[in-house]
Novice: 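Okay, handing you the structure first.
Everything numeric in this text was worked out from a predicted model, so none of it was measured. Numbered from 1 within each chain, the chains take letters A, B, ... in sequence-line order.
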There are 2 protein chains.
Amino acid sequence: MHSKRKRDFICTSEVTLGLISGKWKPLILGYLSEQTYRFNELEKLMPDITQKMLTMQLKAMETDGLVKREVYAVVPPKVEYSLTDVGQRLAQLLNQLCEFGEDYMTSTLGSSDA
Amino acid sequence: MHSKRKRDFICTSEVTLGLISGKWKPLILGYLSEQTYRFNELEKLMPDITQKMLTMQLKAMETDGLVKREVYAVVPPKVEYSLTDVGQRLAQLLNQLCEFGEDYMTSTLGSSDA
DNA sequence: CCGTATCCTAACCGATACTG
DNA sequence: CAGTATCGGTTAGGATACGG
């Protein structure tokens with residue numbers, strides 16, 4: 001009874017994957033799930049990311065409702081990023097992906113074509 | 001106590017994401033989680049995929065240990081694809097992504113910037 | 001400090017044609 | 001039937017420079 005509807009069903013996974021797809025999103029999600037960070041703090045946590053990419057990924061996640069952006073009207077500028085409730089739930093899901101990843105790496109150590 | 005190790009931990013999620021990343025992999029995973037399919041059956045299930053992409057994604061998934069490929073020495077050729085145990089477990093995980101995706105679409109209907 | 005804008009490369013993916 | 005090979009378009013992402 002699920003053979004025909006499966007395609008639609010599976011496609012909703014791509015909605016979720018779209019929220020995470022992006023080279024730095026999983027990492028950002030991971031950090032922000034711990035605490036609120038300022039823009040340049042995130043930069044320091046991820047030395048390899050460029051300002052452009054950090055801005056883009058944060059903006060995308062904000063648009064997707066995962067991240068909350070708070071601007072303080074001070075000089076020098078201060079902007080804080082935190083996860084929304086949805087973002088936190090997605091971060092939880094990401095943890096499950098981590099668990100699978102760890103298990104996968106373990107269970108495929110004795111693979112024949114590794 | 002987990003703030004410094006978090007980065008390594010989160011990065012293992014990218015291992016899992018790497019297994020799913022690919023335009024058609026979630027769909028293929030979904031179909032093969034139901035039953036074994038032949039190459040051209042998968043083609044029919046996904047009318048928009050090209051032979052090249054189907055071959056590539058299947059080969060990648062086979063290399064990753066998600067898919068089992070069985071060749072029958074007959075004419076015309078017959079090749080059957082099925083999920084390995086790891087592949088099945090990943091398909092389960094994909095179902096959770098689906099659930100989140102559905103819930104996400106529902107919970108963001110009343111969003112302010114939709 | 002927090003971004004934007006521009007340029008450039010590399011990867012992904014589709015269309016098409018060909019092969020065992 | 002089940003692939004492989006080649007070409008070409010589109011997009012993600014990095015480097016760098018500039019602006020509020």
Side-chain angles (χ1 to χ4, degrees), chain A residues 10-11 13-32 35-64 66-82 113, chain B residues 10-11 13-29 31-32 35-64 66-83 113:
Chain A
I10 282 292
C11 279
S13 72
E14 285 162 21
V15 172
T16 310
L17 287 171
L19 300 175
I20 321 175
S21 82
K23 187 170 180 181
W24 305 97
K25 283 187 191 174
L27 220 37
I28 295 172
L29 233 15
Y31 282 125
L32 291 184
Q35 62 174 85
T36 295
Y37 281 111
R38 294 181 59 174
F39 187 87
N40 78 102
E41 288 175 329
L42 288 171
E43 271 192 291
K44 278 163 195 152
L45 287 169
M46 300 173 282
D48 292 337
I49 198 174
T50 61
Q51 288 178 335
K52 176 196 164 190
M53 283 313 296
L54 184 53
T55 303
M56 284 178 62
Q57 307 267 285
L58 283 171
K59 185 170 291 183
M61 294 168 78
E62 190 193 358
T63 301
D64 289 337
L66 305 176
V67 162
K68 180 167 173 244
R69 180 175 179 268
E70 261 181 309
V71 184
Y72 297 86
V74 296
V75 278
K78 175 181 173 181
V79 182
E80 283 187 343
Y81 291 92
S82 57
D113 63 324
Chain B
I10 282 293
C11 279
S13 71
E14 286 163 19
V15 172
T16 309
L17 287 171
L19 299 176
I20 321 176
S21 81
K23 186 169 180 181
W24 304 98
K25 283 188 191 173
L27 220 37
I28 295 171
L29 233 15
Y31 283 125
L32 291 184
Q35 62 174 84
T36 296
Y37 280 111
R38 296 181 57 173
F39 187 87
N40 78 102
E41 288 175 331
L42 288 171
E43 273 192 289
K44 279 164 195 152
L45 287 169
M46 299 173 282
D48 291 337
I49 198 175
T50 61
Q51 288 178 334
K52 176 195 164 191
M53 283 313 296
L54 184 53
T55 303
M56 284 178 62
Q57 307 268 285
L58 283 171
K59 185 170 292 182
M61 294 168 80
E62 190 193 358
T63 301
D64 289 336
L66 305 176
V67 162
K68 181 168 172 244
R69 180 176 179 267
E70 260 180 310
V71 183
Y72 296 87
V74 295
V75 280
K78 175 181 175 182
V79 182
E80 283 188 342
Y81 291 92
S82 57
L83 288 194
D113 62 326

Novice: With a cut-off of 6.0 Å (strictly less than), are more than 12 heavy atoms of other residues, nucleotides or ligands near NZ of A:Lys68?
Specialist: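 No.
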Novice: How many whole angstroms separate atom CD of B:Glu80 from atom P of D:dA2?
Specialist: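 Rounded to whole Å, this separation is 9 Å.
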Novice: Taking the side chain as everything from C-beta on, heavy atoms only, tell me whether B:Glu41 gets closer than 4.5 Å to B:Arg38.
Specialist: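 A side-chain contact under 4.5 Å exists here.
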Novice: Determine whether a donor-acceptor pair (N or O, by modelled atom type, separation under 3.5 Å) exists between the side chain of B:Glu62 and the backbone of B:Val67.
Specialist: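 No.
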Novice: Anything under 4.0 Å to a heavy atom of chain B counts; send over the first and last such nucleotide of DNA chain C, read 5' to 3'.
Specialist: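 Span of nucleotides near chain B: C:dC13 to C:dG20.
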Novice: Quantify the bending of the helix from C:dC1-D:dG20 to C:dG20-D:dC1 as the angle between its end axes, each fitted on five pairs, to 10°.
Specialist: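 The value is 40°.
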Novice: State, yes or no, whether a side-chain contact exists between B:Thr55 and B:Thr50 at a heavy-atom distance under 4.5 Å.
Specialist: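 Answer no - side chains too far apart.
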Novice: Run the side chain to side chain contact (heavy atoms under 4.5 Å, CB included) check on B:Leu58 and B:Leu42 step by step: do they pass?
Specialist: CA-CA 10 Å; B:Leu58 283 171; B:Leu42 288 171; 4.1 Å; yes
Novice: Would you give the length of the straight line joining atom CD1 of A:Ile28 to atom CE of A:Met53, rounded to the nearest 0.5 angstrom?
Specialist: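 Result: 8.0 Å between the selected atoms.
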Novice: How does each nucleotide of nucleotides 3-15 of chain D score, in 5' to 3' order, for protein heavy atoms under 4.0 Å: base (B), sugar-phosphate only (S), or none (-)?
Specialist: BBBBB-----SBB
Novice: Between A:Glu80 and A:Tyr37, do the side chains contain a donor N or O and an acceptor N or O under 3.5 Å apart?
Specialist: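 No pair is found: no donor N or O on one side chain lies under 3.5 Å from an acceptor on the other.
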Novice: Please round to the nearest 0.5 Å and tell me the distance separating atom CG of A:Leu17 and atom CG of B:Leu17.
Specialist: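 Those atoms lie 7.0 Å apart.
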Novice: Measure from CG on B:Leu45 to C1' on D:dA2 and round the result to the nearest Å.
Specialist: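 In whole Å, D:dA2 C1' and B:Leu45 CG are 16 Å from each other.
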Novice: Examine D:dA2: is either OP1 or OP2 under 4.0 Å from a nitrogen or oxygen in the side chain of B:Arg38? Give yes or no.
Specialist: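 Yes, because at least one side-chain N or O of B:Arg38 sits under 4.0 Å from OP1 or OP2 of D:dA2.
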Novice: How far apart are the C-alpha atoms of B:Val79 and B:Tyr72, what are their side-chain angles, what is the distance that settles it, and do they pass the side chain to side chain contact (heavy atoms under 4.5 Å, CB included) test?
Specialist: CA-CA 6 Å; B:Val79 182; B:Tyr72 296 87; over 6 Å; no
